Amino acid sequence: MRVLQLHSDWIEYKPVKKEITTAEKCEKKRYRFEDLLVLFVSIEEGDNQKVAEKLIDEVEDFMKKIKANKILIYPYAHLSNNLAKPATALKLLRAMEKYAKQKGIETHRTPFGWCKKFSLSIKGHPLAEQLRVIEPKGKKGKVEDRVSEALKAEEKLKSFWYIIKPDGKMVPVDKFDFSKHKGLEKLARYEIAKSRVVQQVPPHVKLMRKLEIADYEPGSDPGNFRWYPKGALIKSLLEQYVTAKTVEYGAMEVETPVMYDFHHPTLAKYLDRFPARQYVVKSEDKELFLRFSACFGQFLMAHDTQISYRHLPLRIYELTRYSFRREKSGELVGLRRLRAFTMPDCHALCADLEQAKREMIQRFDLCVEILEEGLGLVKGEDYELAIRFTKDFYEENRDFINALIKRMNEPALVEMWEQRFFYFILKWEFNFIDNLDKASALSTDQIDVENGERYGITYIDEKAEKKNPLILHCSPSGAIERCIYAMLEKAYRQQMEGKPPMLPLWLSPTQIRIIPLSDSFLSYAEKMANEIEKNCIRVDIDDRALTMQKKVREAETEWIPYIVVIGKKEVESEILPVRDRKKGKIRRMKLRKLIREIKKETADKPFKPLTLPKHLSQRPQFYG
RNA sequence: GCCCCCGUAGCCUAGCUGGUUAAGGCGUCAGCCUUGUAAGCUGAAGAUCCCGGGUUCGAAUCCCGGCGGGGGCUCCA
C-alpha cells in the first residue's frame, strides 16, 4: 500500500464520471473539507486488512504530533503499477475508514471508481507532505514458491532397486556382490540410502579457481558463475564438440527463447509434470519463467512443423545457454550444480516404440563416445549406468533393456516403479562418481509418452492419418559445466594416485609453453610460436623476468601438457627438450615432430585459438 | 526452505583466554639478476578486520541482530 499524505488547509473535489461499472454511488456535487490530512491511497496486490490497519495506526501517531484529527481517504491509483483488484481495493478502503472511525478520528472518504477533479492547498510546514509505503508481512518482494505437482509427488513415489548384469540377470541391490564394482556401489548407496554426510569443499571448487576457469559471482544469484578466459575457452570448445557430434549423428540445430509464458496452457501442464523450480520474470502484464531445458521451444516449434512418417526419427538439437533451475540455496555446489547452466538438449520424434528403441541405442553410443573420447572418462571407473523404468515397460521390453546394459558391458543400477508417474516410461543416465563419493548425472536419455500429445505434435503416417510421436529427450554430455566438474574431479583423483593431474590435450588452454632462457632468445621463441600457431595449436611464451626454474614450476602448476625451454643449444641444434607432462619426462625432438604428435591427438576435435595474450608478461591475474 | 560452518589486503592464513602502530606468505608494482627444467635477491604499495547495535576505560577478538558466502539435507544436467 502506498499513501501520499498531505496536511492541507482545504481540499475540494467533484465526481465527474464513473470509470468502472462497480463504482460506488454518490452525488455529482462539489465537496469541501478544511484543515485536514488528505490520504491519497493506492491499494496494491497482496495488501490485506493488517496493512490497512497499520497505515491508520501510523497516521494516527503522526496526527498526534501535528495536533490534527480529520482525514480524507482518497482512492488514488497513480502511486503504484502493481494495483490490487478493484474489489479488494474497495474492501480495504472501507476497512480503513471503519478502523479510523473506531479510533475516534473524523474520517471522510471519496467515492471509489470515479474520475474526480480536485484542488487542494497544502500547509507549508516541513512535515506536511509524506509518502508512506506499507508492505504486507513476509512479502519483502519475494515471489512465492511454485512447487510443481511432480515435485510433490516425487516424495511419495515408491521405488524398487536392482542391479542388472551384462548377461541380463537382474538381482536385488542387497544381493549383489559389489566387490569388483566400487563405483556402482557408491552410486547405489548414493541413490538409495541417500546418506550423504561428508562435510568438505569438493576438490574441483579449489581447482576451478586456481586454474582460473570459473568462479562464484556474489554479485549475482548463487549458482550463476563468472567464467575467466581459460574457462570460457574450455567451455566453448566443449560446446562446439558436443554440438558437432550431435549434428553428425543427424540432429538439426535450432535456437529457441529462454523465457516462456507461465500461463500458456500447454506449458503450464508440462511444468506440473517436471520436478523443478523456476525463476519467474515479470514483463508488462505477463508472468514468464526461465526455461529449465530446451523442451519448450523445441516442442512449440515441432507443433507448427509439417512432419511425415518419412521424416522420422526427427532429431532437433539446441545447446541451451542457459537453462535455469532455481535450486534451493543449499543445494548449489561449485560446478556440479548451478542455477544457470549450459545443457545440450536433443529430442528425437519417433513413430512408435520400436523406432524409439532403435534410436535410443544410437544415441546411447553417441553419449559413450562423447564421455570417453571427448572428456576422457572411463566407464566402470569414472561413471556408471543407471536405468529407471516402470514395471510394465520392463516386462514387455526386457530384451531392449538388456541390450542397453550389454552395450555398456558393466552392471547397471536399476530403479523400477510400480506405476508411471513421470511423463517417461524409461530413462537412463551415466552418473559420474566424485571424490566425495557423490554421484551426478551426465549423459541421459528418456522415452516420453506424453508430450507428443500434450503439445499437439503430429506427423502423418502411411495411411495419411495424424499421429502423435513418441519423444526421446537426450542430453548427450549432460550440462557442460558439469562435464568440467567431472574432468577436474577426475584430475584430482589422479593426483591423489600420484599421476599428474591434467585436462585432455584438446581442452588445455595452453598446449605448448615456450620458456626462453633469456631475452636474447625471445625472437627465436616468437618465430617458433608462429610456426606452432599456424598448425592450430595453442602456444604461449613466458617472457617474464623470472628464473627459468620458476617459470617451469608455474607452467607445471597450470597443468600445461608440453613445456619447451629455449636457449643457446636449441637455437643451434633445433632439437627441443620437450617436457611432457603426461609421460613425466623430457623428450628431445624436432619441432615438426611435436606438432605432428599434438595434431594427431587432437585431430577430430574442435580448435580455438588462445584468447589470452601470447606473452605471459601481458596477462592479468584473475584469481589469487 | 531447514540445519551447520565461515566472513582479517587480489589470494591463503595468523591474531580471536579483550590491551601499543593488525602479523606473515603468495601475488602486484619498482629495481637488480639473464638464468639449463618445480619457488633468485632488495624495496614499495596494498586492510571501513562484512555491516549495525550492545557490553567495556578499551572490541578484529565477547554478546545480539542483519547481510553475504560456503557446506549438508531432497536429486531434476
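Please read all numbers here as calculations on a predicted model, not as lab measurements. Chain letters run A, B, ... following the sequence lines, proteins first and then strands; every chain starts at 1.
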Worksheet item: According to a strict under-4.0 Å criterion, is Tyr216(A) in side-chain N/O contact with OP1 or OP2 of G71(B)?
Response: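 For G71(B), OP1/OP2 do have a side-chain N/O of Tyr216(A) under 4.0 Å.
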Ring pair (Phe, Tyr, Trp, His ring centres under 6.0 Å) against [X], all qualifying residues, sequence neighbours excluded:
{"X": "His347(A)", "result": "Phe299(A), His473(A)"}
{"X": "Tyr216(A)", "result": "Phe225(A)"}
{"X": "Tyr623(A)", "result": "none"}
{"X": "Phe178(A)", "result": "Phe176(A)"}

Which atoms of nucleotides 7-13 of chain B (N or O only) lie under 3.5 Å from a protein N or O atom, and what are those distances?
{"from": "C11(B)", "atom 1": "O3'", "to": "Tyr623(A)", "atom 2": "OH", "distance (Å)": "3.3"}

Worksheet item: Looking only at side chains, do Thr342(A) and Lys235(A) share a donor and an acceptor under 3.5 Å apart?
Response: yes
Item to complete: Would you mind checking if Arg420(A) and Glu450(A) are paired as a salt bridge, meaning a charged N to carboxylate O distance below 4.0 Å?
Response: yes
Worksheet item: What one-letter contact string describes nucleotides 35-45 of chain B from 5' to 3', where B marks a base within less than 4.0 Å of any protein heavy atom, S marks contact via sugar-phosphate atoms alone, and - marks no contact?
Response: BBBBBB-----
Practice prompt. Report yes or no: does Glu239(A) contribute a side-chain atom to a donor-acceptor pair with the main-chain N or O of Leu319(A) at less than 3.5 Å?
Written response: no
Worksheet item: Any donor-acceptor pair under 3.5 Å linking the side chain of Ser508(A) with the backbone of Thr510(A)?
Response: no
Worksheet entry | Centroid separation Tyr322(A) to Tyr279(A) less than 6.0 Å |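 So the answer is no for these two rings.
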Item to complete: Report the residues that fulfil salt bridge (charged side-chain N to carboxylate O under 4.0 Å, His left out) with Glu489(A), sequence neighbours left out, ordered by chain and then residue number.
Response: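 Partners of Glu489(A) by the salt bridge (charged side-chain N to carboxylate O under 4.0 Å, His left out) criterion come out as none, since no residue qualifies.
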Discussion item. Tell me every residue that passes salt bridge (charged side-chain N to carboxylate O under 4.0 Å, His left out) with Glu418(A), counting only those two or more places apart in sequence or in another chain.
Written reply: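 Salt bridge (charged side-chain N to carboxylate O under 4.0 Å, His left out) list for Glu418(A), sorted by chain: empty.
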Practice prompt. Would you mind telling me which residue lines up with the more 5' stretch of RNA chain B, Glu217(A) or Lys427(A), judged by nearest nucleotide?
Written response: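 Taking each residue's closest nucleotide, the earlier one in sequence belongs to Glu217(A).
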Discussion item. In dot-bracket form, 5' to 3', how is RNA chain B paired? Count Watson-Crick and G-U wobble pairs only if both distances fall under 3.5 Å, and write | where the partner sits on another strand.
Written reply: (((((((..((((.....[...)))).(((((.......))))).....(((((..]....))))))))))))....
Practice prompt. Name every residue in residues 476-501 of chain A that has at least one heavy atom under 4.0 Å from any atom of RNA chain B, in order of residue number, or write none if there are no such residues.
Written response: Gly478(A), Ala479(A), Arg482(A)
Item to complete: Would you mind classifying the nucleic acid contact of Gly334(A) as base, sugar-phosphate or nothing, using non-hydrogen atoms under 4.0 angstrom?
Response: sugar-phosphate
Worksheet item: Which residue pairs pass the salt bridge (charged side-chain N to carboxylate O under 4.0 Å, His left out) test with at least one member in residues 509-528 of chain A, sequence neighbours excluded?
Response: Arg513(A)-Asp540(A), Arg513(A)-Glu558(A)
Practice prompt. Can you run down the ring-ring contact (aromatic ring centres under 6.0 Å, His included) pairs that involve residues 477-505 of chain A, sequence neighbours left out, and say none if there aren't any?
Written response: His204(A)-Tyr485(A), Phe432(A)-Tyr485(A)
